[in-house]
Amino acid sequence: MMVDALLAAAILAVALATVAARGTFTATALFIGYGLLLAFAWVRLGAMDVALTEAAIGAGLSGALLLGAAARMRPHRVALDRAPGRAMTAAIGLGCAGVTAALAAAILLLPDPALSLAPQVAAQIGTTGLGNPVAAVLMSFRAVDTLLESAVLVLAVIAAWSLAPKGGWGGPPGLVQPQAQGGPLALLARLLPPVGILVAVHILWIGKDAPGGKFQAAAILAAMWMLAWMAGRTAAPPVSARWLRLVVAAGPALFIAIGLLGWLAEGAFLAYPPGLALPIIMVVEIVLTASIAVALALLVIGPPGRRA
Amino acid sequence: MSAILYGLLGAALTGIGLFGLLVRTEPLLRILAFNLLGGGVFLVFGAVARRGAAAGFAADPVPQAIILTGIVVAFAATTLAVALAVRIAEEPGDAPGAAPGADQPPDAP
């Protein structure tokens with residue numbers, strides 16, 4: 001309880017500091033700390049899968065994305081809205097306090113005993129062959145959500161690429177990274193990727209029985225690719241590359257195809273034939289990992305820039 | 001009970017994030033505040049998941065899976081918002097109130 005109180009206080013302090021921070025670099029650094037502390041909160045809440053995702057995506061990839069954006073936007077003057085005046089700020093603060101109070105009241109008034117779908121999951125998890133209940137929900141009981149989410153990533157890549165400036169289309173995404181000569185970046189870009197790829201494969205495979213799975217594994221793989229890219233050891237492929245587009249779309253496409261086959265064979269979209277659920281789920285997981293990893297990395301790297 | 005504590009923390013973070021979103025004017029700070037808000041909402045849902053611990057699971061797995069999905073979708077939305085902000089900032093002279101050149105001081109007329 002003491003640990004929880006201290007952790008909650010720390011998260012609250014970092015959140016307040018993020019909102020109050022002057023510069024975007026300071027705010028982003030604080031936000032990365034916020035994401036990591038939040039991952040601890042998820043551990044305390046018994047949600048290990050969420051903790052891993054929060055640390056990898058909420059803190060890691062978001063942090064890299066926002067630090068990069070802060071650096072790119074610094075030399076430019078952005079058209080700013082007028083900051084609200086003192087009275088308006090007070091009114092906004094009052095309104096936000098009201099939102100917090102309403103949410104807090106909702107938390108305190110939750111029904112007792114708590115509603116839960118855990119018994120249903122426990123009763124049906126045997127049909128999936130999986131041991132990790134969260135993976136069973138993601139890949140079987142609510143597989144449509146996961147399918148739509150993987151499609152959202154493809155749409156996000158298309159939307160981000162469509163922001164390419166005039167003359168940038170078809171070129172490599174993001175800014176061209178100079179090759180790092182010496183220093184920690186060059187060293188880590190050589191040392192970490194083999195280890196990271198191994199860890200990612202482990203997390204993907206263990207995800208069927210323990211916390212882990214495709215999102216966490218994909219985030220690690222994306223980070224390894226970005227590390228090599230940032231150090232200038234590998235050039236990002238041009239957005240016109242057909243294989244790149246195929247990899248990004250393969251996971252959701254396979255998932256949809258499996259869903260349609262389930263419709264033909266079992267009479268329901270995404271229904272798995274009994275006994276074959278586990279192999280089907282693992283194949284979809286592995287292909288989705290590749291697609292999600294490439295999509296996440298492309299989203300952090302950003303749209304193609306102007307060609308020099 | 002720790003679930004209630006984290007639920008209340010989520011409520012507070014939602015308020016703080018919403019405040020930052022409405023009060024700050026820099027695009028990146030707004031995007032950051034929006035993510036703070038998102039973290040708060042997820043935490044509220046996480047408290048609900050924790051209260052639903054049953055059948056030998058430390059927390060109800062269904063909300064957990066939805067939160068996981070939510071984190072990834074929020075990240076996709078964040079990348080898109082950041083790409084838009086960068087594109088607007090780098091657009092030469094088009095953004096209203098933007099200085100035409102990158103090398104001019106911010107207060108140039």
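Chain letters run A, B, ... following the sequence lines, proteins first, then strands; residues in each count from 1.
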Quiz item: Given a strict heavy-atom distance threshold of 4.5 Å, which part of Leu108(A) is in contact with chain B: side chain, backbone, both, or neither?
Solution: side chain
Quiz prompt | Atom group of Leu38(A) that falls short of 4.5 Å from chain B, counting heavy atoms | solution = side chain
Quiz prompt | Partner chain A: residue of Ile66(B), Val72(B), Thr14(B) with the largest heavy-atom pair count (under 4.5 Å) | solution = Val72(B)
Quiz item: Which bit of Ala164(A) comes within less than 4.5 Å of chain B, counting heavy atoms only: side chain, backbone, both or neither?
Solution: backbone
Exercise. Identify which part of Thr28(A) has an atom lying under 4.5 Å from any heavy atom of chain B, answering side chain, backbone, both or neither.
Key: both
Self-check item: Under 4.5 Å from any heavy atom of chain B - which part of Ala97(A)
Solution: neither
Self-check item: More than 12 heavy atoms from other groups under 6.0 Å of CZ on Phe25(A)
Solution: yes
Exercise. Please flag which part of Ala54(B) lies under 4.5 Å from any non-hydrogen atom of chain A: side chain, backbone, both or neither.
Key: both
Self-check item: chain B contact via Pro119(A) - side chain, backbone, both or neither, heavy atoms under 4.5 Å
Solution: both
Quiz item: Side chain of Ser162(A), backbone of Ala159(A): donor and acceptor closer than 3.5 Å?
Solution: yes
Quiz item: Side chains of Thr78(B) and Asn35(B): is there a donor and an acceptor less than 3.5 Å apart?
Solution: yes
Quiz item: At a heavy-atom separation under 4.5 Å, does Arg142(A) approach chain B through its side chain, its backbone, both, or neither?
Solution: side chain
Quiz item: At a heavy-atom separation under 4.5 Å, does Ala135(A) approach chain B through its side chain, its backbone, both, or neither?
Solution: neither
Practice problem: Indicate yes or no for a side-chain donor-acceptor contact from Thr26(A) to the backbone of Ala21(A) under 3.5 Å, with no hydrogens or angles considered. | Solution: no
Self-check item: Which portion of Gln216(A) sits near chain B, non-hydrogen atoms under 4.5 angstrom
Solution: side chain
Exercise. Go through the atoms of Arg22(A) and report whether side chain, backbone, both or neither lie under 4.5 Å from a heavy atom of chain B.
Key: backbone
Practice problem: Using non-hydrogen atoms and a 4.5 Å limit, figure out which bit of Phe19(B) sits close to chain A: side chain, backbone, both or neither. | Solution: both
Practice problem: Could you look at Leu36(B) and say if it's the side chain, the backbone, both or neither that has a heavy atom under 4.5 Å from chain A? | Solution: both
Quiz item: Is any NZ, NE, NH1 or NH2 atom of the basic residue among Arg51(B) and Asp112(A) found under 4.0 Å from an Asp or Glu carboxylate oxygen of the other?
Solution: yes
Quiz item: Does any heavy atom of chain B fall under 4.5 Å from the side chain of Val134(A), the backbone, both, or neither of them?
Solution: both
Self-check item: Greatest number of heavy atom pairs closer than 4.5 Å to chain A - which of Val73(B), Val82(B), Ile31(B)
Solution: Val82(B)
